[in-house]
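Notes to accompany the following structure.
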Amino acid sequence: MLNQKKDTQLINKDRIPTLQFSKKDVLQDSDAKSRRYYAANRATILSNTYRNKSIITFKTASGEKKKVEAALWGLDKDFVLLRSGMFLPLRSILEINYC
């Protein structure tokens, strides 16, 4: 977990549309996928209720780890919608931490 934070670049959410994402899920374990969905759902509720932001760590198609600070507006089985109107594939998200 420590290595992940050291080599993870914080980016502006406006750069998300310029990134490419893999078709494969970055998580292989079904329990980890369930926890990720739960965290995304909770972050969406907190963002809409209390205007909280979250730190979303994700992986691009080239394998680079990046993170973005944003409020989550919506969630479905494939994507999260950030308040800025950007979509991020759920399959690319490694973890979500609340601010």
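Counting begins at 1 with the first residue of the sequence. Not measured: the values here are computed from a predicted model.
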Q | Side-chain heavy atoms of L46 within contact of Y98, under 4.5 Å | A | yes

**Q.** F21 versus A61, closest heavy-atom pair with distance
**A.** C-CB, 3.7 Å

Q: Taking all non-hydrogen atoms of both residues into account, name the closest pair between I11 and K66 and its distance.
A: CG2-CD, 3.9 Å

**Q.** Contact summary for K53 and A71, nearest pair of heavy atoms
**A.** CG-N, 4.1 Å

Q | Lys/Arg N to Asp/Glu carboxylate O, D25 vs R36, below 4.0 Å | A | yes

Q) Looking at side-chain heavy atoms only, is the closest gap between K23 and R91 below 4.5 Å? A) yes

**Q.** Contact check, side chains of R35 and D29, non-hydrogen atoms, under 4.5 Å
**A.** yes

Q) Take atom OH in Y38; do more than 12 heavy atoms of anything else shown fall under 6.0 Å from it? A) no

**Q.** I96 to A43 - nearest heavy-atom pair and separation
**A.** CG2-CB, 4.0 Å

For a quick test of your reading: what N or O donor-acceptor pairs under 3.5 Å do the side chains of residues 73-87 make, sequence neighbours left out?
residue	atom	partner	partner atom	Å
D76	OD1	D78	N	2.8
D76	OD1	F79	N	2.7
R83	NH2	S47	O	3.1

Q. Nearest 0.5 Å, what's the CG-OG distance between L72 and S54?
A. 5.5 Å

Q: Taking the side chain as every heavy atom from C-beta outward, state whether I56 and K67 have any atom pair closer than 4.5 Å.
A: no

Q.
Determine whether V68 and F58 satisfy the following criterion, side-chain contact (heavy atoms from CB on, under 4.5 Å), listing intermediate values before the conclusion.
A. CA-CA 8 Å; V68 65; F58 60 94; 4.0 Å; yes

Q: Evaluate the side-chain proximity of R15 to T18: yes if any heavy-atom separation is below 4.5 Å, no if none is.
A: yes

Q: Answer yes or no: is there a donor N or O on one side and an acceptor on the other, between the side chain of N48 and the main chain of T44, under 3.5 Å?
A: yes

Q) Hey, does I93 have a side-chain heavy atom less than 4.5 Å from the side chain of V26? A) no

Q: Taking the side chain as every heavy atom from C-beta outward, state whether C99 and E69 have any atom pair closer than 4.5 Å.
A: yes

